[in-house]
Amino acid sequence: MSASTLRIRQLNDQLRAFPFPPRGEMVLTSGVAGLSGHDLGAVLHQVRTFDAFSADNDPHGEHDFGSFVHRSVRYFWKIDYCDRDKTYGSPDPADPAVTCRVLTVMRADEY
């Protein structure tokens with residue numbers, strides 16, 4: 001694995017642990033935002049602590065996607081790499097000076 005991929009993985013893991021600026025932003029779809037406080041906390045805990053990465057869900061080793069089930073509902077989380085203006089893709093996802101990470105948490109049926 002390259003140093004760039006390891007840096008991207010580290011930045012993505014940091015964002016899941018603390019999804020606020022300057023590390024990035026978090027977006028909740030309406031299906032997630034509408035959960036009760038207890039269920040929302042449980043879903044976000046699973047996003048923060050997700051470690052079931054495999055070749056199937058993490059083929060590039062960047063820790064940028066995961067899925068899990070909570071109360072019989074499948075959820076996804078994914079991280080996108082945008083430029084600082086969030087207009088285009090990041091020119092270098094390993095460089096936080098030119099990248100805004102966006103963590104989206106959604107129900108699978110909202111994908």
Side-chain angles (χ1 to χ4, degrees):
M1 182 174 302
S2 73
S4 176
T5 299
L6 285 173
R7 180 68 175 141
I8 291 168
R9 175 191 290 194
Q10 177 187 39
L11 293 166
N12 287 345
D13 289 344
Q14 289 175 352
L15 177 63
R16 286 189 302 119
F18 190 81
F20 303 100
R23 291 188 173 123
E25 301 176 2
M26 182 169 58
V27 174
L28 304 177
T29 60
S30 60
V32 174
L35 292 170
S36 70
H38 175 77
D39 285 329
L40 178 58
V43 165
L44 295 179
H45 176 77
Q46 291 205 45
V47 171
R48 279 192 310 274
T49 61
F50 183 86
D51 65 356
F53 296 103
S54 69
D56 290 333
N57 66 17
D58 192 29
H60 302 290
E62 296 179 353
H63 289 189
D64 60 352
F65 175 84
S67 70
F68 58 88
V69 174
H70 173 72
R71 293 188 186 246
S72 302
V73 176
R74 179 159 297 280
Y75 291 87
F76 293 155
W77 62 264
K78 64 189 265 309
I79 296 174
D80 294 303
Y81 315 119
C82 303
D83 65 13
R84 298 299 292 174
D85 294 329
K86 293 184 281 187
T87 303
Y88 302 105
S90 169
D92 182 3
D95 183 353
V98 298
T99 302
C100 177
R101 291 182 145 62
V102 178
L103 168 62
T104 303
V105 183
M106 69 194 86
R107 287 190 330 226
D109 65 348
E110 295 177 303
Y111 188 72

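Positions are given from 1, in the same order as the sequence printed here.
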Report summary line: Residue pairs passing the ring pair (Phe, Tyr, Trp, His ring centres under 6.0 Å) test with at least one member in residues 81-111, sequence neighbours excluded, are Phe76-Tyr111
Query - ILVMFWY clustering at 4.5 Å (side-chain atoms), partners of Val102 - result: Val27
Query raised in the report: Tracing side-chain links under 4.5 Å among I, L, V, M, F, W and Y, which residues wind up in one group with Met1?
Result: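 Direct or chained contacts put Met1 with Leu6.
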Report summary line: For Phe18, the ring-ring contact (aromatic ring centres under 6.0 Å, His included) test, sequence neighbours excluded, returns Phe20
Report task. Could you grab the distance from atom CG of Leu28 to atom CG of Leu35, nearest 0.5 Å is fine? Result ->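 Rounded to the nearest 0.5 Å, the CG-CG separation comes to 9.0 Å.
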Report task. For Asp83, check salt bridge (charged side-chain N to carboxylate O under 4.0 Å, His left out) against everything at least two apart and list the hits. Result ->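 Expected list: none.
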Query raised in the report: Among all residues two or more places apart in sequence or in another chain, which pass the side chain to side chain donor-acceptor pair (under 3.5 Å) test with Ser2?
Result: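 Partners of Ser2 by the side chain to side chain donor-acceptor pair (under 3.5 Å) criterion, ordered by chain and then number, come out as Thr5.
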Report task. Quick one: list whatever passes side chain to side chain donor-acceptor pair (under 3.5 Å) with Thr104, sequence neighbours left out. Result -> none
What pairs of residues pass the salt bridge (Lys or Arg N to Asp or Glu O under 4.0 Å) test when at least one of them lies in [range], not counting sequence neighbours?
range           : result
residues 85-111 : Glu25-Lys86, Arg107-Asp109
residues 32-43  : Asp39-Arg71
residues 5-14   : Asp13-Arg16
residues 40-60  : none

Query raised in the report: If you take all heavy atoms of Arg74 and Ser67, which pair is closest and at what distance?
Result: NH1-OG, 3.1 Å
